[in-house]
Undergrad: 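Take this structure first; my questions come after.
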Number of protein chains: 2
Amino acid sequence: MARTQGSHAEITGPRIRAAALRLFAQQGYAAVSMRVIAREVGVQAGALYNYIPDKQTLLFELMRDHLVELMEAVRPCLDGPAEARLEAFVRFHIAFHHARLDAVFIAYMELRNLTPDNFAEIEGLRGQYERLLQDQLDMGVHDGAFAVADTRIASMAIIAMLTGVNTWFRADGRLSLGDVQEMYWQMVHRMVSVGGTVSP
Amino acid sequence: MARTQGSHAEITGPRIRAAALRLFAQQGYAAVSMRVIAREVGVQAGALYNYIPDKQTLLFELMRDHLVELMEAVRPCLDGPAEARLEAFVRFHIAFHHARLDAVFIAYMELRNLTPDNFAEIEGLRGQYERLLQDQLDMGVHDGAFAVADTRIASMAIIAMLTGVNTWFRADGRLSLGDVQEMYWQMVHRMVSVGGTVSP
DNA sequence: GTCTATATTCTGATAGAC
DNA sequence: GTCTATCAGAATATAGAC
């Protein structure tokens, strides 16, 4: 039997998430009403509740899905010699985050709008990613490939520096994404190199 | 003649700003109502409008005052040889921002809640501060004190790295603020030094 | 699966008494 | 300078028709 007219289960769910992602990033979670999300999708506000239990869960799942995808995508960067792994991580972080401006923005800016339980889960995922970089630095120091006074501080500094690219880089500017990846890798390389020297 | 009972003009204004600063930082501008601010101060919502024209202006002035204070406080860091100026800037940025967690948070997170005119003014002030660091790097490169491929990129990277301290550093942790200032200066020093070498 | 209608609470801002 | 009362509208979420 044909589907009831006006029924679009397979596409409405993803469209709600896509609209919420963009609107939350542009205006903020608290400033975006369920009615505005519904209008963007082309349904009435009540229909949203066929797909999401409430607004809070919608926010939480957007953040969780982003971080889970990040953790899966970073895996290929963890093979090879220490310096190659770090370079791969730097280039990956910049490219992955540039391709997901809205999700990155939300994952950083809307933490305070999560319930305590949801906040704990998101912070756990973020901590795993930060720990990943710290482990890379620890192994490089152990190998003698890197010289870093405090790998926890260095990993936080590097992640902040790389994520900061999203605040100013636009693909139509004077630099390509490849230019930016190259320059950031040079800066990170200098930061962690033994004796402050970088071999050519 | 004695002041009307219940009248506290001199202290209510600053208390409104202090309460708004803290609440906006904790919950976000859009999530904080005028009634909640008023309750925090200990007055009724209507009384707030003796001190501020509207909620938007309250947010704008908090951000503007923070950035104006930042621009004034950074001035003493701009004297001396290139390397000393950069070290002073690094230490200053970390200390100044650590002492103003709420204002820094708001100045970064609530930009999207400003009207276009107010946004332009705030972005102008932030741009002045970023340009200040870039000028320092330019002068150091010109002197031969620094080797930096792109001073604009390097200044954005350094500011993001330094501001990121606010996301994880707490004074009761394993490191003192002085420890952190020292380690970040070492990392920045390595990043900008000629030939990637750092003299002892 | 989507609609309309609704319950309940809250919102920013103003008017006028004191 | 602060209060109370109020306006006009928006918020999240639910109920029940189709």
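So that the names make sense, note that chain A is the first sequence line, chain B the second, and so on, each numbered from 1.
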Undergrad: Roughly, in whole Å, what's the span from CE in Met34(B) to P in dA13(C)?
TA: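 Rounded to whole Å, this separation is 6 Å.
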Undergrad: Report which part of the nucleic acid Val32(B) touches: base, sugar-phosphate, or nothing (heavy-atom distance under 4.0 Å, all strands).
TA: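 Sugar-phosphate contact only.
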Undergrad: Just say parallel, tilted or perpendicular for the rings of His98(A) and Phe169(A), cut-offs at 30° and 60°.
TA: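 Perpendicular: the ring planes of His98(A) and Phe169(A) meet at over 60°.
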Undergrad: Given dT11(C), is OP1 or OP2 found less than 4.0 Å from the side-chain N or O atoms of Ser33(B)?
TA: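 So the side-chain polar atoms of Ser33(B) do come within 4.0 Å of the phosphate oxygens OP1 or OP2 of dT11(C), strictly under.
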Undergrad: Classify the ring geometry between Trp168(B) and Tyr184(B) as parallel (under 30°), tilted (30 to 60°) or perpendicular (over 60°).
TA: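 The arrangement is parallel - the two ring planes meet at less than 30°.
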Undergrad: Using atom OH of Tyr29(A) as one end and atom C1' of dA11(D) as the other, report the distance to the nearest whole Å.
TA: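 After rounding, the gap between these two atoms is 12 Å.
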Undergrad: Tell me which of Ala31(A) and Pro53(A) sits closer to the 5' end of DNA chain D, going by the nucleotide each one is nearest to.
TA: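 Upstream on the strand: Ala31(A).
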Undergrad: Roughly how many Å is it from CG in Asp54(B) to P in dA13(C), rounded to a whole number?
TA: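 Taking atom P of dA13(C) as the reference, CG of Asp54(B) is at 5 Å.
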Undergrad: Among dT11(C), dG1(D), dC3(D), which nucleotide sits nearest the side chain of Arg35(B)?
TA: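 The closest nucleotide is dT11(C).
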Undergrad: Can a side chain N or O of Thr12(A) be found less than 4.0 Å away from OP1 or OP2 on dG1(C)?
TA: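 Thr12(A) to dG1(C) OP1/OP2: no side-chain N or O under 4.0 Å.
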Undergrad: Measure CD1/Ile52(A) against P/dT2(C) and give the value in whole Å, please.
TA: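 It is 13 Å, rounded to the nearest whole Å.
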Undergrad: Of the options dT4(C), dA13(D), dG1(D), whose atoms approach the side-chain atoms of Lys55(A) most closely?
TA: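 Nearest nucleotide to the side chain: dA13(D).
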Undergrad: So which nucleotide from dT11(C), dT2(C), dA11(D) ends up closest to the side chain of Ala47(A)?
TA: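 Closest of the options to the side chain of Ala47(A): dT2(C).
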Undergrad: Check whether any side-chain N or O of Tyr49(A) sits under 4.0 Å from OP1 or OP2 of dG1(C), and answer yes or no.
TA: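 No, outside the criterion.
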Undergrad: In whole angstrom, what separates Leu58(B)'s CG from dG12(C)'s P?
TA: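 To the nearest whole Å, that distance equals 11 Å.
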Undergrad: Would you mind reading off the distance between Tyr51(B) atom OH and dT2(D) atom C1', rounded to a whole angstrom?
TA: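 So the OH-C1' distance, Tyr51(B) to dT2(D), works out to 8 Å.
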Undergrad: Measure the acute angle between the ring planes of Phe92(B) and Phe96(B), then classify it against the limits of 30° and 60° as parallel, tilted or perpendicular.
TA: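 Answer is tilted, since the angle falls between 30° and 60°.
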Undergrad: In this structure, how many angstroms lie between the C1' atom of dA10(D) and the CD atom of Gln44(A), rounded?
TA: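 Atom CD in Gln44(A) sits about 15 Å away from atom C1' in dA10(D).
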Undergrad: Are any of the side-chain nitrogens in Arg152(B) or Glu130(B) under 4.0 Å away from the carboxylate oxygens of its partner?
TA: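 Salt bridge: yes.
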Undergrad: Once you round it to whole Å, what is the distance between C1' of dT2(C) and CD1 of Ile11(A)?
TA: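 Interatomic distance, CD1 of Ile11(A) to C1' of dT2(C): 13 Å.
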Undergrad: In terms of hydrophobic clusters joined by side-chain contacts under 4.5 Å, are Leu133(A) and Val104(A) together?
TA: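 Linked, Leu133(A) and Val104(A) end up in one cluster.
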